[in-house]
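Take a look at the structure below.
Heavy-atom basis, side chains included; hydrogens, waters and symmetry copies ignored. Not measured: the values here are computed from a predicted model.
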Amino acid sequence: MRIQGTPSGEELVDRLRDRLPGLGVASLELLGEGDFCRAWLLNGERVVRAPRHGEAARALEREACLLPRIAPLLPVAVPLPELVTGPEPGAWPLSVHERVEGVPLARERWSVLPEAERAAPARQLGGFLAALHGVDVSAAAGCGLEEMDHRTRARELRRAISNGSGRKLPVPLRESLDEVLREYRAGGAEWSYQPAILHA
């Protein structure tokens, strides 16, 4: 896959018009960006995401494969992305989906909610995570999700703590983390978990 930059707004519009004939582009508003993607709101109703690097492009491909399969099993609306490929071979795809309505639960909004109302979003989030973790992992077959080996990851973290990257931590914290990870790797019953799809 070739190295490329995230498209500008004009390039994005050109690509959408080329790949989605009949799509009218009345407005395009930048929503924001993160480590993986830059996102725009198209015509006030669709979200368009462009990957910022190859790993982000692969993540969008995994989402487009997995989300339609598990959406009926989840208690909240989730995006159902369509991938829009580039004009050249190897070009990173765009992800386009209908906007999911809702209000972002920012800290400022959360802090002014009455105590009784604060419990409802926590219950909804817990219900969503329980439903997601209850999905049979066979639903992800062929979507490219990676299976994490937690024992290996714990060993890698211990190694990182004991060498260069861990030296940036205060000694008591470094020693405490090392001990927790050592105990974690030495554990028994917790390693007999059922694999689950995790929101990451």
Side-chain angles (χ1 to χ4, degrees), residues 1-113 117-118 120-133 135 139-140 143-146 197-200:
M1 185 173 292
R2 70 185 181 85
I3 300 210
Q4 53 187 278
T6 304
S8 67
E10 284 183 15
E11 293 169 330
L12 185 81
V13 169
D14 288 344
R15 190 180 278 162
L16 290 171
R17 284 183 173 143
D18 180 56
R19 296 293 161 179
L20 298 175
L23 175 70
V25 180
S27 65
L28 187 67
E29 171 192 347
L30 183 65
L31 289 174
E33 58 188 302
D35 293 337
F36 268 46
C37 295
R38 183 173 290 146
W40 292 266
L41 183 62
L42 175 66
N43 299 341
E45 57 190 28
R46 292 187 186 185
V47 173
V48 180
R49 288 182 296 154
R52 300 185 70 170
H53 45 75
E55 177 51 35
R58 290 185 289 278
L60 292 182
E61 290 167 351
R62 290 191 297 267
E63 284 182 2
C65 177
L66 179 66
L67 290 179
R69 297 180 185 188
I70 66 173
L73 308 173
L74 301 175
V76 297
V78 297
L80 300 175
E82 175 184 352
L83 291 183
V84 177
T85 57
E88 337 55 51
W92 295 338
L94 300 174
S95 174
V96 182
H97 62 79
E98 294 295 320
R99 178 182 185 178
V100 177
E101 293 298 325
V103 178
L105 187 58
R107 181 183 298 273
E108 298 78 25
R109 182 179 297 275
W110 172 264
S111 64
V112 297
L113 286 176
E117 292 182 32
R118 290 185 184 185
R123 279 194 301 272
Q124 291 170 347
L125 177 60
F128 165 75
L129 291 174
L132 177 63
H133 298 165
V135 171
C143 289
L145 271 68
E146 299 172 12
I197 297 172
L198 299 182
H199 177 272

**OP:** Test side-chain contact (heavy atoms from CB on, under 4.5 Å) on Val84 and Val48 and set out the steps.
**Re:** CA-CA 10 Å; Val84 177; Val48 180; over 6 Å; no
**OP:** Any chance you could measure Phe36, atom CZ, to Glu55, atom CD, to the nearest 0.5 Å?
**Re:** 5.0 Å
**OP:** Would you mind reporting whether Arg69 and Cys143 have side-chain heavy atoms less than 4.5 Å apart?
**Re:** yes
Original post:
Looking only at heavy atoms, which two atoms of Val96 and Arg46 are closest? And how far apart?
Top reply: CG1-CD, 3.9 Å
**OP:** Supply the atom-to-atom distance Gln124 CD to Leu129 CG, rounded to the nearest 0.5 angstrom.
**Re:** 12.0 Å
**OP:** With rounding to the nearest 0.5 Å, note down the distance linking CD in Glu98 to CG in Leu42.
**Re:** 9.5 Å
**OP:** Give the minimum heavy-atom separation between Ala26 and Asn43, together with the two atoms involved.
**Re:** N-OD1, 2.6 Å
**OP:** Kindly give the heavy-atom pair with the smallest separation between His133 and Leu198, and that separation in Å.
**Re:** NE2-CD2, 3.5 Å
Original post:
Between atom CG of Leu80 and atom OG of Ser95, what is the distance when rounded to the nearest 0.5 Å?
Top reply: 10.5 Å
Subject >> Closest contact, heavy atoms only, Leu83 versus Ala64 >> reply: CG-CB, 3.6 Å
Original post:
Does a salt bridge link Arg58 with Glu61, judged by any charged N lying under 4.0 Å from a carboxylate O?
Top reply: no
Original post:
So how far is it from Arg38 CZ to Leu30 CG, rounded to the nearest 0.5 Å?
Top reply: 7.0 Å
**OP:** Verify, without hydrogens or angle tests, whether Arg49 (side chain) and Glu33 (backbone) share a donor-acceptor contact under 3.5 angstrom.
**Re:** no
**OP:** Check whether any side-chain heavy atom of Ile197 sits under 4.5 Å from a side-chain heavy atom of Leu66, and report yes or no.
**Re:** yes
**OP:** Using a 4.5 Å cut-off on heavy atoms from C-beta on, say whether the side chain of Leu60 contacts that of Cys37.
**Re:** yes
**OP:** Please say whether more than 12 non-hydrogen atoms of neighbouring residues, nucleotides or ligands are located less than 6.0 Å from CZ in Arg109.
**Re:** no
**OP:** Search all heavy atoms of Leu67 against all heavy atoms of Pro81 and return the closest pair with its distance.
**Re:** CD1-CD, 3.9 Å
Subject >> Atom pair CZ (Arg99) and CG (Leu31), whose distance is rounded to the nearest 0.5 Å >> reply: 7.5 Å
Original post:
So, for Pro51 and Pro93, which heavy atoms are closest and what is the spacing to 0.1 Å?
Top reply: CD-O, 3.1 Å
